[in-house]
Amino acid sequence: MKPLGEEKKDLENKKNSLDQNIDEKIDFSKVKVEPLFEDMIDFETFSKSDFRVVKVKNCEEVPKSKKLLKFTLDDGSGKDRTILSGIKEYYNAEDLIGRNLVAIVNLPPRKMMGIESEGMIISAIHEEEGEERLNLLILSNRIPAGAKLY
């Protein structure tokens, strides 16, 4: 069911505005982050991960899903890449079109809601006043799709 009236307004207000002022003051005393992993991995294991800049060609809500957005991405390969991400409660799909994001592109495909997802969009999460907050890693549009991150 779609939210109506005040419930819809609250949901829209909760979603991140991509036009927020970069100089917005944040009270970090209210922020809680997850502890760092104590287990170390070797450089060879880490270097197997292929992080790429991806340009969002299209983004839409997955029908019948409360969490998923379906991204159609340009990863620089010449072939569209589809990635599903559970960030619907944080971002409006339309606001992400044309943005450059970071994705890991060499994960094995995984089906969700009958759609094959070919990677993972990278975001940062933390807790603030008992509520989870999520921020996508959004990059400058000056960086070309397919650029590798090291």
With sequence neighbours excluded, residues passing salt bridge (charged side-chain N to carboxylate O under 4.0 Å, His left out) with D74:
none

Who passes salt bridge (charged side-chain N to carboxylate O under 4.0 Å, His left out) against K79, sequence neighbours left out?
E118

Write out all pairs satisfying side-chain hydrogen bond (donor to acceptor under 3.5 Å, both in side chains) with one or both partners inside residues 101-113, taking only residues at least two apart or from two chains.
none

Identify each donor-acceptor pair in which a side-chain atom of residues 142-150 lies under 3.5 Å from a protein atom, sequence neighbours left out, and give them as a table.
| unit_1 | atom_1 | unit_2 | atom_2 | d |
| --- | --- | --- | --- | --- |
| K148 | NZ | D50 | OD1 | 3.1 |

Hey, quick one: are V53 and V105 part of the same hydrophobic cluster, counting side-chain heavy atoms closer than 4.5 Å, chains of contacts allowed?
no

For the backbone of L69 and the side chain of Y91, can you confirm whether one donor and one acceptor N or O come within less than 3.5 Å of each other?
no

Quick one: side-chain contact (heavy atoms from CB on, under 4.5 Å) partners of I122, sequence neighbours excluded?
F51, V102, I104, L137

Distance, nearest 0.5 Å, that separates OG of S85 from CD1 of I121:
6.0 Å

Residues forming a salt bridge (charged side-chain N to carboxylate O under 4.0 Å, His left out) with K57, sequence neighbours excluded:
D80

Non-neighbouring partners of E129 that pass side-chain hydrogen bond (donor to acceptor under 3.5 Å, both in side chains), sequence neighbours left out:
K30

Rounded to the nearest 0.5 Å, what separates atom OG in S117 from atom CZ in R81?
9.0 Å

Under the 4.5 Å side-chain heavy-atom rule for ILVMFWY, direct or indirect, which residues accompany L84?
V62, L68, M112, M113, I115

Between CD1 on residue I125 and CG on residue L134, distance to nearest 0.5 Å
7.0 Å

H126 NE2 to N135 CG distance, which is reported to the nearest 0.5 Å:
6.5 Å

Smallest heavy-atom separation, E132 atom then Y90 atom, equals OE1-OH, 2.8 Å

Same cluster or not: are I138 and V54 linked, directly or through other Ile, Leu, Val, Met, Phe, Trp or Tyr residues, by side-chain heavy atoms under 4.5 angstrom apart?
yes

Decide whether L139 and F71 are clustered together by the hydrophobic rule: side chain heavy atoms of Ile, Leu, Val, Met, Phe, Trp, Tyr closer than 4.5 Å, transitively.
no

Kindly write out the residues that satisfy salt bridge (charged side-chain N to carboxylate O under 4.0 Å, His left out) with E60, not counting sequence neighbours, or none if the list is empty.
K70

Sorted by chain and residue number, the side-chain hydrogen bond (donor to acceptor under 3.5 Å, both in side chains) partners of S77 (sequence neighbours excluded) come out as D75

If two hydrophobic side chains count as joined below 4.5 Å and joins carry through other members, does I83 share a cluster with L107?
no

Output all residues satisfying side-chain hydrogen bond (donor to acceptor under 3.5 Å, both in side chains) with T45, sequence neighbours left out; order by chain, then residue number.
D42

